[in-house]
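Let me begin by presenting the structure, written as structure tokens, before commenting on it.
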Amino acid sequence: MAEWKLVNSENVVPYVCDDSYSSKMLTGDEMAGRQVININEGTLKPGGKTDGGAHDDCEIYYIVDCDEDTYVWLDDDRVPVKNGDIIVIPPHVFHWIDNTKGKKPFVLFTFWPRQEQNGVFFVRKEAWGTSVRNIDDDYVQKRLGK
């Protein structure tokens, strides 16, 4: 029987990319032991913005929590976002997150077909020797009472 996995963001150590942005790899091949869709939780502090980038493959943003006056930039388009929005970002579109006017953290899930499409994947691997780090390795057993 295939082994299933349970992940909760509260148990994943964030990788602090800079003074305004942190990243948690919630799913990836390494943690699942098989090929899965990569899901990353990013948190951008109030007043911050990301540098942005463009990729060879589609990327999907799911906006978990944000303030008014927060935006995702897609090339030259400033898209106002709110909780629950999903943005499908086509390949080669330069995109970045703008929370410069926000008063609370901007939290989003980013989805990629492969963990290697997440640039922070390689940064975490180099810094930690692994792509994901848990706060408590026994979290699932404790939560399920095993």
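Since the model is a prediction, treat every value here as computed from it, not as a measurement.
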Beyond-backbone contact of Asp56 with Pro91, side-chain heavy atoms, under 4.5 angstrom
no
Side chain to side chain contact (heavy atoms under 4.5 Å, CB included) between Ser20 and Leu44, worked out
CA-CA 6 Å; Ser20 66; Leu44 180 62; 3.8 Å; yes
d(Phe106 CZ, Thr100 OG1) to nearest 0.5 Å is 11.0 Å
Does any part of the side chain of Phe109, heavy atoms only, come nearer than 4.5 Å to the side chain of Val64, both counted from C-beta?
yes
Do Asp98 and Arg78 meet the salt-bridge criterion of a basic N to acidic O distance under 4.0 Å?
no
Tell me, do Thr70 and Lys101 make a side-chain contact under 4.5 Å, heavy atoms counted?
no
Fit a plane to each ring of Trp73 and Trp96, take the angle between them on a 0 to 90° scale, and name the class: parallel (under 30°), tilted (30 to 60°) or perpendicular (over 60°).
parallel
Can a salt bridge be assigned to the pair Glu3 and Lys5 using a cut-off of 4.0 Å between side-chain N and carboxylate O?
yes
Taken to the nearest 0.5 Å, the spacing of Asn8 CG from Glu10 CD works out to 4.0 Å
With side chains defined as the heavy atoms from C-beta onward, is the minimum distance between Val120 and Cys17 less than 4.5 Å?
yes
Minimum heavy-atom separation for Cys58 to Pro113, with atom names?
O-CD, 4.0 Å
Write down the atom of Thr27, the atom of Ile39, and the distance for their closest heavy-atom approach.
OG1-N, 2.9 Å
In Å and rounded to the nearest 0.5 Å, what is the CD to CG distance from Gln115 to Asn118?
9.0 Å
Taking atom CD as the centre, does Gln141 end up with more than 12 heavy-atom neighbours from other residues, nucleotides or ligands that are less than 6.0 angstrom away?
yes
With a 6.0 Å cut-off (strictly less than), is the heavy-atom count around CG of Asp75, excluding the residue itself, greater than 12?
yes
Test log, rule side chain to side chain contact (heavy atoms under 4.5 Å, CB included), inputs Cys66 and Asn83
CA-CA 6 Å; Cys66 66; Asn83 298 352; 3.8 Å; yes
State the CE-CZ distance between Met25 and Arg133, to the nearest 0.5 angstrom.
14.0 Å
May I ask you to test the Ser23-Pro14 pair for a side-chain heavy-atom distance under 4.5 Å?
no
Hydrophobic clustering (ILVMFWY, side-chain heavy atoms < 4.5 Å, transitive) - are Val81 and Tyr62 grouped together?
no
Taking atom NZ as the centre, does Lys104 end up with more than 12 heavy-atom neighbours from other residues, nucleotides or ligands that are less than 6.0 angstrom away?
yes
Note, Ile89 side chain near Ile60 side chain (heavy atom, < 4.5 Å):
no
Distance alone, cut at 3.5 Å: any donor-acceptor contact between the side chains of Asn11 and Asp136?
no
Greater than 12 external heavy atoms within 6.0 Å of Lys125's NZ:
yes
Of all the heavy-atom pairs spanning Tyr71 and Pro80, show the shortest one and how long it is.
CD2-CA, 3.5 Å
Can Asp57 and Arg114 be counted as an ion pair, charged N to O under 4.0 angstrom?
yes
What one should report as the nearest heavy-atom pair of Val13 and Trp128 is O-CH2, 3.5 Å
Could you state the interatomic distance from CG (Asn40) to CG (Leu108), rounded to the nearest 0.5 Å?
8.0 Å
Heavy atoms only: give me the nearest Tyr21-Thr50 pair and the separation to one decimal.
CD1-CG2, 4.0 Å
NZ of Lys45 to CG of Asp19: how many Å apart, nearest 0.5 Å?
6.5 Å
Compare every heavy atom of Pro90 with every heavy atom of Val88, then report the nearest pair and how far apart it is.
O-CD, 3.4 Å
Any chance you could lay out the side chain to side chain contact (heavy atoms under 4.5 Å, CB included) test for Met31 and Ser131, step after step, and finish with the verdict?
CA-CA 8 Å; Met31 63 72 56; Ser131 62; 5.7 Å; no
Is it the case that atom CD in Glu116 sees more than 12 heavy atoms from other parts of the structure closer than 6.0 Å?
yes
Using the side-chain hydrogen bond (donor to acceptor under 3.5 Å, both in side chains) rule, take Glu30 and Thr130 through it: C-alpha gap first, then chi angles, then the decisive distance, then the call.
CA-CA 8 Å; Glu30 182 181 6; Thr130 182; 2.9 Å; yes
I would like to know whether Thr110 and Trp112 meet side chain to side chain contact (heavy atoms under 4.5 Å, CB included); could you show each step before the answer?
CA-CA 7 Å; Thr110 306; Trp112 293 277; 3.3 Å; yes
